[in-house]
Each structure stands twice: as C-alpha cells, then as structure tokens.
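Here's the structure we're looking at; comments come further down.
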Amino acid sequence: MPTAAPKSKRPRGLADEIGKVHDFEQVEHEAYLDLIRTHDILAAGHAEKFARHGLSSPLFNILSILRGHERREGPGHEGVPVYTVGREMLTREPDISRLADRLEKLGLVSRHRCSEDRRVVRLRLTDEGRRVQEEAARESMDLIRRQFEHLGQTKSRQLSRLLCELRNPPAADVD
C-alpha cells in the first residue's frame, strides 16, 4: 500500500518559519521582523516585474506620482516640482534628482526649470513614460491581487488600519 506524501505544514509564526529554536523574547521584536520579512517577500515579485521595464521600485514610484498629478491636473500641466515628488515618495530616497536623471536618460520623463523660480525643477511624463507606467502598474496590480486574495477585503482593510496606526502612534500626553 503506497504511503501518502507528508502534508506540508504551515509555519506557526516567524520563529518556526526561519527555524529559530526559541520564541522571540519580545512580541514587538517578532512583529517588526515579520514586517521586514513580509516586505522582502512581497517586494521581490514587484522588483522582478519593474526590472522588465528597466525600472526599480523607486523609479516606478516616481512615474506613478507623476501620472497621478497628470490625472488630477489634466493634459498640459506644468509638471511636478522635484521636491513635491520627494515628499510623496513611499520610501525615503536621499537623491530624487539622481533618480530623475535616470528616468530622463530612459526617455520616460522630461525636466524643465520653472520660469518664475529657476531653482524649481519640474518633471513631466513623456508619452513613453506614460505607456511604461501604465503597463507596469497593470502588472503590479495583478500581482498585488494574487498576493492578497487569500486575505480578502476585510482582513486587507484591517491590515491597512493596523499599519497606519503603527506608523502614526498617538501623541504623548504633555502636562
């Protein structure tokens, strides 16, 4: 009589998943490391998709910011100041100008100085930049749906609320 293949056991938590012998001393430490590991796993699929378009996640983020402004402000808008792009990035990037240089060399954005204040540099999507952003965004959204479908909408909303709460702790009471 053939023996059934052993069922793959789902890890009970991060310690089990990474082969840690003892539990974590602090639940907060485990939660923090859980966030890092989860981000790494989820982001790897996106990095692969973006690389097909010659992009990194920060470059895609810039294109998406520009596309969002374009949708709000309509065709022919003046572009988005580099400092605004930096403020709206999902991750802290120390040199937005260098990233803008790369996008310009790829032909995905154009840059021009503001006529009223020559210190202000504005970025605008090119037609190719718009095409690449839309294609990469479609692929990214498909991947996100697959990554989160097992959670469903209720748990996904709950996760978003918890992460927002973690990023924005209540202000300390000051007497």
So how far is it from [X] [atom1] to [Y] [atom2], rounded to the nearest 0.5 Å?
{"X": "Q26", "Y": "L33", "atom1": "CD", "atom2": "CG", "answer": "10.5 Å"}
{"X": "S110", "Y": "R122", "atom1": "OG", "atom2": "CZ", "answer": "12.0 Å"}
{"X": "L35", "Y": "L166", "atom1": "CG", "atom2": "CG", "answer": "6.5 Å"}
{"X": "I36", "Y": "I41", "atom1": "CD1", "atom2": "CD1", "answer": "12.0 Å"}
{"X": "L108", "Y": "F60", "atom1": "CG", "atom2": "CZ", "answer": "12.0 Å"}
{"X": "E134", "Y": "R138", "atom1": "CD", "atom2": "CZ", "answer": "7.0 Å"}

Do [X] and [Y] have a side chain donor and acceptor closer than 3.5 Å?
{"X": "S156", "Y": "Q158", "result": "no"}
{"X": "H46", "Y": "Q147", "result": "yes"}
{"X": "H69", "Y": "E88", "result": "yes"}

Backbone of C164 reached by a side-chain donor or acceptor of N168 within 3.5 Å
yes
Do [X] and [Y] sit in the same hydrophobic cluster, where Ile, Leu, Val, Met, Phe, Trp and Tyr count as joined when their side-chain heavy atoms come under 4.5 Å apart?
{"X": "M89", "Y": "L103", "answer": "yes"}
{"X": "L125", "Y": "L106", "answer": "yes"}
{"X": "F148", "Y": "L90", "answer": "no"}
{"X": "L163", "Y": "L151", "answer": "yes"}
{"X": "L42", "Y": "L159", "answer": "yes"}

Got a salt bridge between D34 and R37, using NZ or NE/NH1/NH2 to carboxylate O under 4.0 Å?
no
Run the side chain to side chain contact (heavy atoms under 4.5 Å, CB included) check on V120 and Y83 step by step: do they pass?
CA-CA 8 Å; V120 177; Y83 64 83; 4.2 Å; yes
Do other residues, nucleotides or ligands put more than 12 heavy atoms under 6.0 Å from [X] [atom1]?
{"X": "R92", "atom1": "CZ", "result": "no"}
{"X": "H112", "atom1": "NE2", "result": "yes"}
{"X": "E28", "atom1": "CD", "result": "yes"}

Among I62, V82, V109, which residue meets the side-chain contact (heavy atoms from CB on, under 4.5 Å) test with L99?
I62
Of Q133, R124, R130, which is the lone residue that meets side chain to side chain donor-acceptor pair (under 3.5 Å) with E70?
R130
Would you say E139 and R52 make side-chain contact, with heavy atoms under 4.5 Å?
yes
Side-chain touch F50/S57, heavy atoms, less than 4.5 angstrom:
yes
Of all heavy-atom pairs linking G54 and L59, the shortest is O-CD1, 4.3 Å
Shortest non-hydrogen contact between I65 and V85, atoms and distance
CD1-O, 3.7 Å
